[in-house]
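Down below is the structure, laid out as structure tokens.
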There are 2 protein chains.
Amino acid sequence: MLSDRSARLGEGVGDLSRNVRSRTRREILDAASGLFAVAGFKGTSLQDIAAEVGCSKATLLYHFDGKDAILVEMLAPAVGAFGVLDRQLAGLADDTVQLAAVKGYVDLVLSFRREVTVLHGDIPGLLRHPALADVQGMVDRLLDALASRSPDPSAQVTALMVLGAIPIVCMKPVAMNDDELRDVLVRSAAGALNARGA
Amino acid sequence: MLSDRSARLGEGVGDLSRNVRSRTRREILDAASGLFAVAGFKGTSLQDIAAEVGCSKATLLYHFDGKDAILVEMLAPAVGAFGVLDRQLAGLADDTVQLAAVKGYVDLVLSFRREVTVLHGDIPGLLRHPALADVQGMVDRLLDALASRSPDPSAQVTALMVLGAIPIVCMKPVAMNDDELRDVLVRSAAGALNARGA
DNA sequence: ACAAAAACTGACCGATCGGTCAAATGCTGT
DNA sequence: ACAGCATTTGACCGATCGGTCAGTTTTTGT
């Protein structure tokens, strides 16, 4: 679970080498994310990924330190963006944080559909992973923001609902462009959050 | 966990035999559902279940035809109740079906939290199971009902959101009794559904 | 052209998976 | 007491899992 070879090697090599290497790595990550999304992390074997990429299983483990490393590196951009959102929301006041959380969360999910699908597909198993440990805290703070940082249990339940409502659009394909979809998601989520008090 | 098997000697022979058998089966199903809920179906081995029950792996396979059979029988009551809801909604008019769908779905989820958690934890893998094939159709019809049977894509997206919003309360324990929780869920879901058009 | 480095692979490993089976054990009715 | 049935179990099976390694092919710098 330590750093893979790309960190140690590839320092003094030529551009072509780096391109070939990074391209293979990207192909592996693409194939893996697709398979993880439809069959889950545990439901996808290294053999499956190797067959999809068109290489041997050993090649995967030459480029990555293990199956977990593939998963972690695949989720890295999404986790990073989630961290940015987390820090943004931390600086907002209680009366403005809710709408910002909804919009930011919707944007995040729509920007990383595949990653969200993978994460959503095996929440208990993956959030237990050490490399994804901080995600749990970010989720908790996002929930708090969605509830306007209110201690009211009903507000927290509604926040929980919004948390679960957005990622599901990653599963079923929908006949809408992303701008319209984003609008519907934000408006409906806001409707749910407002309905609690009304 | 099977220590008090010899109690109630005065009972009828057939009844006792059947009770012992059905109780062991129930213990297996309870242990399995708990493990499935926290680790997922694929993430739970027969060894894990056997250890939790306190018996051998072979005993599980004496009572059930296989790991899948445990899963199917565990989900059977929930699937049956879902079927009842499905038939109820089928007889409702387009302008009354939405609220009934919300209430019925919320009740269903709250009545079968564990089963919903298990199903929700491995949707793609489990809905592919032959014994759960009809669930997919029921989900589609529930989505249609939640959208008031409207072909409007935005209505269908909101229905999808409600579908995903409810089961998440099964994951995180919440400090509310079921009546209050049911009320919040129904009201917030209705808020999301109404916000679309407003 | 050629040695070194990088990329790749087949063969193999221990562990674990779901599942089978014959034998052992406990319980029941007579 | 005894025959018969239900229940339980350890030993075992083939398949597959993630992962390792020695060796081969391809690419690179000179």
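To find a chain, count down the sequence lines: A is the first, B the second, and so on, and within it residues start at 1.
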Per-nt protein contacts along nucleotides 17-22 of chain C (heavy atom under 4.0 Å; B base, S backbone sugar-phosphate only, - none) come out as SBBBB-
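Separating the CG atom in B:Leu160 from the CD atom in B:Gln156 is a distance of 9.0 Å, to the nearest 0.5 Å.
Across the protein-nucleic acid pair, B:Phe64 atom CZ and D:dT8 atom C1' stand 15 Å apart, rounded to whole Å. Look at CG on A:Leu60: it is 14 Å from P on C:dA7, rounded to the nearest Å.
Taking the ring pair (Phe, Tyr, Trp, His ring centres under 6.0 Å) definition, one finds that B:Phe82 meets it with nothing, sequence neighbours left out. By the ring pair (Phe, Tyr, Trp, His ring centres under 6.0 Å) test, A:Tyr105 pairs with no residue at all, sequence neighbours left out. Applying the side-chain contact (heavy atoms from CB on, under 4.5 Å) rule to A:Ala58 yields the partners A:Ser56; only residues at least two apart in sequence or on another chain are considered.
A:Tyr62 has a side-chain polar atom (N or O) that falls below the 4.0 Å cut-off from OP1 or OP2 of C:dA7. For the pair A:Ser56 and C:dT9, the criterion of a side-chain N or O lying under 4.0 Å from OP1 or OP2 is met. In terms of phosphate contacts, B:His63 brings a side-chain nitrogen or oxygen within less than 4.0 Å of OP1 or OP2 of D:dT8.
Applying the side chain to side chain donor-acceptor pair (under 3.5 Å) rule to pairs touching residues 117-127 of chain A yields A:Lys42-A:Asp122, sequence neighbours excluded. Counting only residues at least two apart or in different chains, salt bridge (charged side-chain N to carboxylate O under 4.0 Å, His left out) contacts with residues 171-182 of chain B comprise A:Asp140-B:Lys172, B:Asp107-B:Arg182, B:Arg113-B:Asp178.
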